[in-house]
J.: 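Submitted below is the structure of interest, expressed as structure tokens.
Because the structure is predicted, anything quoted here is derived from the model rather than measured.
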Amino acid sequence: MLLNKMKFLNNLTTQEKHIVDFILRDPSIIFSNSAKQVAQLTYTSPPTVVRLCKKLGTKGYPDFQLKLALELGKQTKPDKAPEADDNAFTEMDSILTFYDKALTETRKLLSENLLHNVMERIFQADSIDIYGMDTNYNTAQQASASWNEIGFKSNAFNSINHHYLNQMNKDRNVVSFIISHTGRNKAMIDAAEILQKQDQYCVSISGTSDSPLAKYCDANLTAYVLHNQPEVNKIIYTFSTKYIFDVLYLRTFSKQ
């Protein structure tokens with residue numbers, strides 16, 4: 001159990017102990033803040049936050065968020081039977097149902113025709129670029145690594161690279177994915193706008209199909225989010241986004 005580990009782990013640095021004390025005072029703070037934001041709140045650094053997560057047996061900050069949410073969810077015992085309009089998180093009493101909700105709802109939002117069109121673009125592309133900030137960058141790195149392993153050139157970016165985008169050869173055929181939970185991240189919108197001017201194919205992945213980001217993209221893949229549950233919304237969105245990239249990767253792999 002993560003909470004018990006944090007209480008009794010004895011090989012922590014002074015900074016790591018400070019982060020642990022901060023989390024134990026209010027574990028829900030993790031769900032509404034990125035690793036960078038937690039570092040700012042604790043006057044430490046993002047690498048220190050990630051190092052602590054790994055000492056606790058998780059793969060990194062997003063994995064720590066997910067496992068902590070599952071742990072807290074299993075501890076929740078409602079005093080009465082859930083009503084029909086209860087939010088999704090209070091109904092989840094196991095890891096299976098937690099995962100199933102994110103995957104099932106995201107699957108409902110995906111269009112087969114749209115996926116087919118995106119796949120056709122991927123097979124024609126010289127490279128696949130993926131943009132995402134904070135926890136979305138971790139997703140971008142994982143997806144990029146998967147495509148590189150099977151011979152598709154792919155890059156992951158955690159911020160807008162004006163030089164790279166402005167110098168992009170229009171003769172190059174690049175498929176760009178831009179991940180933004182709300183679709184309102186200015187840096188991600190700026191990247192999409194430049195790609196549009198460069199006449200490059202761009203796909204947004206966000207929790208809504210009519211975001212400002214989507215207006216600059218050729219296609220939008222919608223991931224499931226829980227708007228009324230901010231404490232787990234980022235985790236649900238991250239898991240849903242990974243599912244979308246896994247679907248694209250497996251289709252790429254199977255066609256190859």
Side-chain angles (χ1 to χ4, degrees), residues 31-37 62 102 105-122 125 127-144 147 154-168 170 172-230 232-249:
F31 308 134
S32 56
N33 289 280
S34 65
K36 181 179 179 180
Q37 290 168 323
E105 295 302 322
T106 300
R107 175 64 184 87
K108 291 177 183 177
L109 295 169
L110 294 177
S111 161
E112 285 290 338
N113 289 335
L114 181 55
L115 284 173
H116 175 76
N117 293 338
V118 172
M119 287 303 309
E120 289 300 311
R121 290 283 188 163
I122 288 174
S127 68
I128 305 166
D129 290 349
I130 311 173
Y131 298 81
M133 298 178 68
D134 297 325
T135 55
N136 290 332
Y137 179 55
N138 294 324
T139 303
Q141 286 180 303
Q142 291 175 23
S144 179
W147 268 315
S154 182
N155 306 294
F157 300 94
N158 65 351
S159 63
I160 184 172
N161 187 326
H162 289 280
H163 177 76
Y164 173 79
L165 290 172
N166 288 319
Q167 295 300 315
M168 186 178 288
K170 290 188 176 182
R172 281 186 69 216
N173 187 359
V174 180
V175 171
S176 296
F177 291 92
I178 301 184
I179 313 169
S180 174
H181 176 198
T182 63
R184 298 180 181 278
N185 183 293
K186 187 178 185 306
M188 297 296 97
I189 294 173
D190 289 345
E193 188 174 5
I194 294 173
L195 287 165
Q196 186 185 67
K197 290 178 181 178
Q198 297 281 20
D199 198 28
Q200 297 291 347
Y201 187 77
C202 182
V203 181
S204 62
I205 298 181
S206 65
T208 176
S209 60
D210 58 354
S211 67
L213 173 63
K215 294 177 182 178
Y216 293 101
C217 296
D218 299 279
N220 179 75
L221 297 175
T222 306
Y224 178 65
V225 295
L226 282 171
H227 294 291
N228 62 339
Q229 281 291 311
V232 293
N233 199 13
K234 283 187 177 181
I235 298 170
I236 288 285
Y237 174 74
T238 299
F239 195 68
S240 301
T241 303
K242 287 180 179 178
Y243 168 69
I244 291 173
F245 278 114
D246 284 344
V247 169
L248 293 172
Y249 166 75

J.: Within the 4.5 Å heavy-atom criterion, are V203 and C217 side-chain neighbours or not?
T.: no

J.: Which heavy-atom pair separates Q200 from D218 by the least distance, and what is that distance?
T.: O-OD2, 3.6 Å

J.: Which atoms form the tightest heavy-atom contact between I189 and P212, and what is the distance?
T.: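 Smallest heavy-atom distance, with atoms named: CD1-CB, 3.8 Å.
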
J.: If you round to the nearest 0.5 Å, how far is CG of N155 from CD1 of I128?
T.: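 One gets 9.5 Å once the value is rounded to the nearest 0.5 Å.
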
J.: Are the side chains of S206 and N220 in contact, using a 4.5 Å heavy-atom criterion?
T.: yes

J.: Say you draw a straight line from CG of D129 to OG of S176; how long is it, rounded to the nearest 0.5 Å?
T.: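 Here the rounded value is 4.5 Å.
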
J.: Taking A187's backbone N and O only, do any of them form a donor-acceptor pair with N185's side chain (distance below 3.5 Å, no angle check)?
T.: yes

J.: So, do Y216 and I194 sit near enough that their side-chain heavy atoms are less than 4.5 Å apart?
T.: no

J.: Compare every heavy atom of T208 with every heavy atom of T182, then report the nearest pair and how far apart it is.
T.: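 Nearest heavy atoms, T182 then T208: O-CG2, 3.8 Å.
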
J.: Indicate the atoms forming the closest heavy-atom contact of V175 with R121, along with that distance.
T.: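 What the structure gives for the nearest pair is CG2-O, 3.5 Å.
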
J.: Indicate, with yes or no, if the rings of F177 and F245 have centres closer together than 6.0 Å.
T.: yes

J.: Drop me the distance from Y249's OH to I122's CD1, to the nearest 0.5 angstrom.
T.: 12.5 Å

J.: So do I178 and L195 actually touch side chain to side chain, heavy atoms under 4.5 Å?
T.: yes

J.: If the test is side chain to side chain contact (heavy atoms under 4.5 Å, CB included), which one of L109, T106, L115, I179 qualifies with L221?
T.: L115

J.: Compare every heavy atom of Y137 with every heavy atom of G132, then report the nearest pair and how far apart it is.
T.: O-CB, 3.2 Å

J.: Using 30° and 60° as the class limits, which term best fits the ring planes of Y164 and F157: parallel, tilted or perpendicular?
T.: tilted

J.: How close do A192 and L213 get, heavy atom to heavy atom, and via which atoms?
T.: CB-CD1, 3.7 Å

J.: Rounded to the nearest 0.5 Å, how far apart are NZ of K197 and CG of D199?
T.: 13.5 Å

J.: Kindly indicate whether the side chain of Y243, heavy atoms from C-beta on, has any atom under 4.5 Å from the side chain of R107.
T.: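 Sidechains of R107 and Y243: in contact.
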
